[in-house]
Amino acid sequence: MCGRFATRGKAREIARQLGIDEIDLPERYNVAPTTFVLAAVADPAPRWTLLRWGLIPGWAKDISIGSRLINARAESIQEKASFRSSFKRRRCLIPCLGYYEWQRFAHHKQPWFHTYSDDRHMVMAGIWDHWQSPDGSELESFSLITTDSNPLAAQVHHRMPVLLSSQDWSAWMDHSSEKTNHLIPLLGPAGTLIFRFTGSAPVSIQCAMIPQLSSIHCRIPQIFSLIPDGLLLVRSHLALFFCKFLSSPAKYCTEMENFSDMLRVINGLY
DNA sequence: CCAGACGTTGTT
DNA sequence: GTCTGG
DNA sequence: CCAGACGTTGTT
DNA sequence: GTCTGG
């Protein structure tokens, strides 16, 4: 699944391909459901807009359903009442720096940051809908589509967000026909093998594992609490390291082949 | 026909 | 809104 | 996803 | 423990 992600940087590629503004994504390292996120929509002309994360179908009586519809399964998106019309008529692209996935252990959960190994944005596939509240105000919201994990991501979790490669963005955003069969092949884990965890290569995953951090008594969720959205309140070397790491994962990942390297990087910041 | 649901996640 | 179950 | 709440009564 | 709200 996908329940948190990070945004930062200029969305150049999507802008170029869709012929819209090169917009600056806000610097957010903890984007959570029910908050507003920049997304590219096409209705029918492509444009950027802010959508609330957690889809509220047009027929919903109140917004409470939104907090439960943060993901839509690719396998059933055409059948589900909450999703099918959006899938046919209102697809969107959500660019991000990367996303977090939690790995479950017997007595704790461990978040991992998933990102590409170069500085490209990940582009997640979404669907959105309009909703009108009883008082007449309008709200637009979205779900992220999920699929089976690819072999790399499966080491952390069995589901992952659908990541669209640049050659598929235009087809995804083309709503001139309501036929969607040609889109189904885009909704698999294929073609996403080029991202990695916090190591520089799959082979280094074990030694570069973030769980090593728990051995110095600081788990990532605690760091999150020190990094409110868009506001860096740094209270420890480790937290600052994570601010830097999250803002430039490609750069810092390559320096973290093992725990000693990680400490070296952290110490090097001071 | 009307009434009621409409979703994902993980875990067992 | 639209489908399913009664 | 995590964090935080987790309730009822009557009255307007 | 489990649901709701962010």
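Protein chains get the first letters and strands the later ones, always in sequence-line order, with residue 1 at the start of each.
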4.5 Å side-chain heavy-atom contact, [X] and [Y]:
| X | Y | value |
| --- | --- | --- |
| Pro57(A) | Leu69(A) | yes |
| Arg47(A) | Asp43(A) | yes |
| Ser166(A) | Glu13(A) | no |
| Asp148(A) | Arg159(A) | yes |
| Thr7(A) | Leu38(A) | no |
| Phe83(A) | Arg73(A) | no |

Can you tell me how far [atom1] in [N] sits from the matching atom in [M], rounded to whole Å?
| N | M | atom1 | result |
| --- | --- | --- | --- |
| dG7(D) | dA3(B) | C1' | 30 Å |
| dG4(B) | dC6(D) | C1' | 27 Å |
| dT9(D) | dC2(B) | C1' | 35 Å |
| dA5(D) | dA5(B) | P | 29 Å |
| dG10(D) | dC3(E) | C1' | 27 Å |
| dT11(B) | dT2(E) | C1' | 13 Å |

task = Verify the contact: side-chain N or O of Arg84(A) to OP1 or OP2 of dT2(C), cut-off strictly under 4.0 Å; return yes or no.
result = no

Where the side chain of [X] meets the backbone of [Y], is there a donor-acceptor pair that is under 3.5 Å apart?
| X | Y | result |
| --- | --- | --- |
| Trp169(A) | Leu164(A) | yes |
| His175(A) | Arg91(A) | yes |
| Trp131(A) | Trp59(A) | no |

message = Take N1-N3 plus N6-O4 or O6-N4 for Watson-Crick, N1-O2 plus O6-N3 for G-U, both under 3.5 Å. Which runs of 3 or more such pairs involve DNA chain D?
response = D:1-6 with E:1-6

query = Heavy atoms under 4.0 Å, any strand shown: does His158(A) hit a base, just sugar-phosphate, or nothing?
reply = sugar-phosphate

task = Describe the nucleic acid contact of Phe83(A) in one word from base, sugar-phosphate, nothing, applying a heavy-atom distance below 4.0 Å.
result = sugar-phosphate

task = Using a cut-off of strictly less than 4.0 Å between a heavy atom of the residue and any atom of DNA chain D, enumerate the qualifying residues of residues 136-147 of chain A by number.
result = none

Nucleic acid contacts of residues 67-77 of chain A, taken as heavy-atom distances under 4.0 Å to DNA chain D = Ser67(A), Ile70(A)

Electrostatic pair Arg90(A)-Asp129(A), nearest N-O below 4.0 angstrom = yes

request  = Report yes if the ring of Trp59(A) lies under 5.5 Å from the six-membered base ring of dT2(C) with planes under 30°, and no otherwise.
outcome  = no

ask   = Should the ring pair Trp53(A) and Phe142(A) be called parallel, tilted or perpendicular, given that the plane angle runs from 0 to 90° and is split at 30 and 60?
value = parallel

Nearest whole angstrom, please: distance from the [atom2] of [N] to the [atom1] of [X].
| X | N | atom1 | atom2 | result |
| --- | --- | --- | --- | --- |
| Lys61(A) | dC6(B) | NZ | C1' | 10 Å |
| Glu79(A) | dG1(C) | CD | C1' | 17 Å |
| Asp62(A) | dT4(E) | CG | P | 10 Å |
| Met1(A) | dT9(B) | CE | C1' | 5 Å |
| Trp53(A) | dG6(E) | CH2 | C1' | 11 Å |
| Ile65(A) | dG1(C) | CD1 | P | 15 Å |
| Arg159(A) | dG7(B) | CZ | P | 15 Å |
| Lys80(A) | dT8(B) | NZ | P | 5 Å |

note = Against the side chain of Arg104(A), the closest entry in dC3(C), dG6(E), dT11(B) is dT11(B)

message = Can you confirm whether the side chains of Thr180(A) and Gln78(A) place a donor and an acceptor under 3.5 Å from each other?
response = yes

task = Identify the two heavy atoms, one from Ala6(A) and one from Cys96(A), that lie closest to each other, and give their separation to 0.1 Å.
result = O-CB, 3.2 Å

